[in-house]
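Below is one structure, written out as structure tokens, with a few remarks after it.
Counting from 1, the numbers follow the sequence of the chain as shown.
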Amino acid sequence: MTKDNFTKKLAAMTMPHFEDLPNLDLYMDQVIDEVNQYLAPITHTEITKSMINSYVKKGLVDRPTKKRYSRVHLAKILVVSLLKPILSLDTIDQAMKIALKLDSAPKAYDQFIDLFNSVH
């Protein structure tokens, strides 16, 4: 693949909006598959069960309900995973709390994704 083709392919990669996330609750393995299909091409790393458990333990992501994760869980996992290479988890936590005080989770997530998709 030439450099130009790679650049075009990277530019075409976008993160999903809230409405594009699965509208049904997922188990951990399904969450990992869903999240990695978006993250891996962009971050070149894959999320793991232990990473998600760490996000839950630190309060960045709410505990799953009966071991099932919702759209809001997926959105938070995606945001944390995208920001983790450049910000501390404490900073990410504070930023998400502020964003969620100002807007609903779907709106706050979509605003973040619109910004991310426009600059990457």
Side-chain angles (χ1 to χ4, degrees):
M1 180 181 305
T2 67
K3 183 179 177 184
D4 286 342
N5 286 345
F6 177 77
T7 303
K8 286 177 185 174
K9 187 175 179 182
L10 182 63
M13 290 181 202
T14 57
M15 296 299 290
H17 284 92
F18 193 82
E19 67 183 31
D20 299 324
L21 297 173
N23 192 21
L24 53 108
D25 293 344
L26 304 175
Y27 289 107
M28 177 70 79
D29 290 342
Q30 295 168 309
V31 170
I32 290 169
D33 291 343
E34 187 70 25
V35 169
N36 282 334
Q37 77 172 329
Y38 297 110
L39 285 180
I42 294 172
T43 64
H44 304 292
T45 58
E46 292 191 348
I47 195 153
T48 64
K49 181 179 179 179
S50 62
M51 291 164 88
I52 293 171
N53 286 335
S54 174
Y55 300 163
V56 170
K57 185 176 181 181
K58 293 178 187 296
L60 292 158
V61 175
D62 300 325
R63 294 202 175 282
T65 304
K66 297 182 182 177
K67 298 186 180 185
R68 295 173 74 97
Y69 295 80
S70 68
R71 272 182 172 174
V72 173
H73 288 105
L74 288 174
K76 286 183 176 183
I77 291 167
L78 286 167
V79 169
V80 172
S81 299
L82 288 169
L83 293 175
K84 190 173 77 165
I86 57 172
L87 298 172
S88 72
L89 292 179
D90 287 340
T91 301
I92 296 167
D93 185 39
Q94 290 172 354
M96 287 195 319
K97 285 178 180 169
I98 291 168
L100 292 172
K101 280 184 182 177
L102 299 173
D103 287 307
S104 67
K107 187 173 180 184
Y109 173 78
D110 281 346
Q111 288 173 343
F112 173 81
I113 291 303
D114 286 342
L115 183 61
F116 178 86
N117 287 341
S118 71
V119 296
H120 97 275

Tell me the salt bridge (charged side-chain N to carboxylate O under 4.0 Å, His left out) pairs involving residues 91-109, sequence neighbours left out? D93-K97, D103-K107
Once rounded to the nearest 0.5 Å, what's the spacing between atom CG of L21 and atom CG of L24? 11.0 Å
Which value, rounded to the nearest 0.5 Å, describes the distance between T14 atom OG1 and N117 atom CG? 5.0 Å
Show me the pairs that pass salt bridge (charged side-chain N to carboxylate O under 4.0 Å, His left out) and involve residues 64-75, at least two apart or across chains. none
In short, Y27 meets Y69 closest at the heavy-atom pair C-CD1, 4.4 Å
Taking all heavy atoms of L115 and all of S118, pick out the closest pair and write down the distance. O-OG, 2.8 Å
Report yes or no: does D110 contribute a side-chain atom to a donor-acceptor pair with the main-chain N or O of F18 at less than 3.5 Å? yes
Can you tell if the side chain of M15 reaches within under 4.5 Å of the side chain of I42, non-hydrogen atoms only? yes
What donor-acceptor contacts under 3.5 angstrom involve side-chain atoms of residues 81-88, with partners at least two apart or in another chain?
from	atom 1	to	atom 2	distance (Å)
S81	OG	I77	O	2.7
K84	NZ	Y55	OH	3.4
S88	OG	T91	N	3.1
S88	OG	T91	OG1	2.8

Between V72 and Y109, is there a side-chain heavy-atom distance shorter than 4.5 Å? no
How far apart are the closest heavy atoms of I52 and V31, and which atoms are they? CD1-CG1, 3.8 Å
Would you please name every residue forming a side chain to side chain donor-acceptor pair (under 3.5 Å) with T43, sequence neighbours left out? T45
H73 versus D25, side-chain donor and acceptor atoms under 3.5 Å: no
Taking all atoms of both residues into account, what is the closest heavy-atom pair of Y38 and P16, and its distance? CD2-CD, 3.5 Å
Straight-line distance of Q94 CD to L89 CG, nearest 0.5 Å: 11.5 Å
Do I92 and I98 share a hydrophobic cluster (ILVMFWY, side-chain heavy atoms under 4.5 Å, transitive)? no
Can you name the closest pair of heavy atoms from A108 and A99 and give their distance? CB-O, 4.0 Å
According to salt bridge (charged side-chain N to carboxylate O under 4.0 Å, His left out), does anything in residues 31-58 pair up with another residue at least two apart or in another chain? List the pairs. none
After noting the C-alpha distance and the side-chain angles of Q111 and D114, does the key distance pass the side-chain contact (heavy atoms from CB on, under 4.5 Å) rule? CA-CA 5 Å; Q111 288 173 343; D114 286 342; 5.7 Å; no
Applying side chain to side chain donor-acceptor pair (under 3.5 Å), can you list everything that pairs with D62, at least two apart in sequence or on another chain? K76
Hey, are the side chains of L78 and V35 touching, using non-hydrogen atoms and a 4.5 Å cut-off? yes
